[in-house]
Amino acid sequence: MAAESVARAGHSVTVLTGESTPGSKFLVAGRGGLNLTHSEPLVDFVTCYGEATTWMDPVLRRFSPDDLRAWAHDLGQPTMIGSSGRVFPEAFRSTELLRAWLVALDQLGVKLFRKHEWLGFDLAAPQIQEARFRSALGKTISLGADAIILALGGATYPRTGSNGAWVDNMRAAGVQVSALSPTNCGYQVPWTAAFRDQFAGVPLKNVCMRAGSMQARGDAMVTKFGIEGGPIYGVAEAIYAQGDQREVSIDLAPDLASITIENRVRAAKPGLAMGKLLKRCAKLAPVAISLLREITSNQIPRDPAQLAFLIKTARLKLGEPTTMAKAISTRGGIMHSEFDARFMLLARPGVFVAGEMLDWTAPTGGYLLQASFATGRAAGLGAVEWLESGRCTDLDLAGQ
Ligand SMILES: Cc1cc2nc3c(=O)[nH]c(=O)nc-3n(C[C@H](O)[C@H](O)[C@H](O)COP(=O)(O)OP(=O)(O)OC[C@H]3O[C@@H](n4cnc5c(N)ncnc54)[C@H](O)[C@@H]3O)c2cc1C
């Protein structure tokens with residue numbers, strides 16, 4: 001997106017990527033459906049970035065979810081709104097959008113060099129906009145340009161090339177980077193063997209998870225190691241704030257008021273087996289019933305008020321988050337204090353930064369890609385402003 005913005009302004013652009021397939025993470029993101037952005041009102045959308053909301057707000061207003069949808073449409077990839085308000089390309093996956101985008105960039109004259117890994121700035125070089133790369137032929141080369149835009153991603157799914165190796169290089173250049181950690185990820189739960197064997201891979205459908213002041217609704221997935229899925233990602237920041245004492249409160253029947261469940265339990269036939277009682281009074285599926293048994297060490301209360309309370313606020317203790325390799329996104333990155341409104345590094349004038357490598361976080365739902373696109377565009381336009389106050393040269397990579 002940064003490259004496109006600079007090329008559209010009439011400047012010469014070269015993109016270097018460490019991978020042989022450009023957009024590897026974008027392709028992975030689209031595997032189960034590319035959730036490009038969200039259709040909720042912009043005023044709500046912009047509040048989803050936690051502490052980064054203040055600086056992200058104007059950026060998202062300059063390149064909004066509607067702008068992103070129009071951009072995809074112009075590439076011949078119209079979008080649709082799913083039942084949850086999430087926006088997807090009509091083609092659903094990312095492949096066609098990425099293909100159309102690469103063709104458009106090529107038509108704009110953007111040169112693309114694969115398998116060129118950024119190794120950091122040339123600290124000894126007098127020119128500020130000088131960077132070192134390992135080229136496709138394995139040589140270490142130094143390249144200069146009038147502006148450099150880095151969008152090296154976070155550190156999840158490192159096999160896509162987004163491995164966070166840039167952090168040390170960035171710190172070596174005097175740029176402050178807050179520690180990277182996984183977010184929008186699952187958590188370990190020490191299930192009993194019986195529960196794990198029976199329910200790993202089974203979704204807990206239509207639950208509402210709460211932590212701190214956050215709540216999120218949807219389907220969570222029981223895994224061999226714990227729990228993952230949309231509702232837990234939706235409260236990730238509140239779980240993070242709990243430190244090592246992590247837990248979520250799960251409402252297993254979010255469409256039923258507590259008093260309704262309580263009255264139904266009270267009216268049920270005395271002596272009804274607990275499983276049947278939970279199914280009749282709260283429509284709980286076997287996985288939800290067994291989850292209550294796990295949480296209470298098989299001591300589910302029969303008292304109507306206590307039972308209704310348990311169903312509405314089942315407290316599940318969480319262990320460690322899953323590894324970076326399995327997380328959707330990364331918390332931490334280049335701190336906001338390190339770049340200006342053009343996304344230019346204060347320590348390296350002429351170097352711009354964008355995307356998940358910046359210190360912001362958001363839940364899943366299209367917020368991650370929208371912010372990556374919007375900051376990419378902002379960094380591109382920032383670079384244009386810089387270039388138009390300076391000089392522009394071409395990179396010559398022939399034979400490297
Ligand atoms: C499984 C999964 C599903 C997801 N689904 C969604 C979704 O549906 N909706 C959504 O909004 N978000 C989703 N995301 C998150 C989204 O993909 C990312 O937030 C987004 O791709 C970040 O964009 P970026 O350009 O900042 O970084 P990336 O897309 O990670 O791109 C960074 C690029 O930099 C390259 N690179 C890294 N280091 C170097 C180096 N040293 N030298 C050269 N090149 C380098 C990488 O190879 C990569 O091509 C998903 C993520 C995952 C893992």
Side-chain angles (χ1 to χ4, degrees), residues 1-4 14-38 45 48-49 65 68 79 82 84 86-89 92-94 97-98 101-102 112-121 131-136 140-141 143 148-170 180 182-186 228-230 233 322-331 333-334 343 353-377 379-380:
M1 186 53 85
E4 184 180 328
T14 301
V15 173
L16 299 106
T17 177
E19 290 297 286
S20 49
T21 309
S24 301
K25 169 91 56 95
F26 193 66
L27 290 171
V28 167
R31 228 182 253 158
L34 184 73
N35 181 193
L36 263 183
T37 186
H38 202 286
F45 189 101
C48 292
Y49 294 86
L68 180 53
T79 55
S84 57
R86 295 175 179 216
V87 174
F88 299 85
F92 203 50
R93 293 157 73 100
S94 31
L97 178 57
L98 181 60
W101 195 7
L102 290 173
L112 174 65
F113 287 86
R114 298 156 202 257
K115 291 196 156 193
H116 277 70
E117 186 192 356
W118 182 68
L119 300 176
F121 299 109
R132 286 185 305 118
F133 287 84
R134 186 175 298 116
S135 76
T140 300
I141 55 174
L143 299 171
I148 294 175
I149 304 169
L150 295 169
L152 303 174
T156 68
Y157 278 63
R159 64 191 162 79
T160 61
S162 308
N163 54 22
W166 55 264
V167 172
D168 290 345
N169 296 323
M170 199 57 84
L180 305 190
T183 186
N184 287 311
C185 60
E228 62 184 30
Y233 305 158
T322 51
T323 59
M324 275 291 205
K326 292 184 179 161
I328 303 279
S329 65
T330 307
R331 174 188 298 101
I334 298 174
F343 289 78
V353 284
E356 205 180 308
M357 74 188 298
L358 307 183
D359 189 5
W360 56 269
T361 178
T364 54
Y367 306 100
L368 302 167
L369 280 173
Q370 176 72 48
S372 302
F373 279 111
T375 54
R377 185 167 178 277

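Start at 1 and go down the list; that is how both ligands and their atoms are numbered.
Considering backbone and side-chain N/O of Tyr157, none are found under 3.5 Å from N/O of ligand 1. Between Leu369 and ligand 1, an N or O atom pair is found at a separation short of 3.5 Å. Polar contact with ligand 1: present for Asn35 (N/O pair, distance under 3.5 Å).
Annotation: the span from Met1 atom CE to Phe373 atom CZ amounts to 5.0 Å, rounded to 0.5 Å. From Ile334, atom CD1 reaches atom CG of Leu180 across 9.5 Å, with rounding to the nearest 0.5 Å. Within the model, atoms CH2 of Trp166 and CD of Glu117 stand 14.5 Å from one another, a figure rounded to the nearest 0.5 Å.
Counting protein heavy atoms only, atom 38 (N) of ligand 1 is closest to Gly161 O, 3.4 Å. Remark: minimum distance from atom 19 (O) of ligand 1 to any protein heavy atom is reached at Glu356 OE1, 2.6 Å.
Residue Thr37 does not touch ligand 1, judged by heavy-atom distances below 4.0 Å. Within the 4.0 Å heavy-atom criterion, the part of His116 lying near ligand 1 is the backbone and not the side chain.
The shortest separation from a heavy atom of Gly366 to ligand 1 is under 4.0 Å, placing the residue in contact. Under a 4.0 angstrom heavy-atom cut-off, Ala151 registers as being in contact with ligand 1.
Partner of Gln370 under the side-chain contact (heavy atoms from CB on, under 4.5 Å) criterion, chosen from Leu68, Val87, Asn35: Leu68.
Under the 3.5 Å distance criterion, with hydrogens and angles disregarded, no donor-acceptor pair is assigned to the side chains of Asn184 and Thr364.
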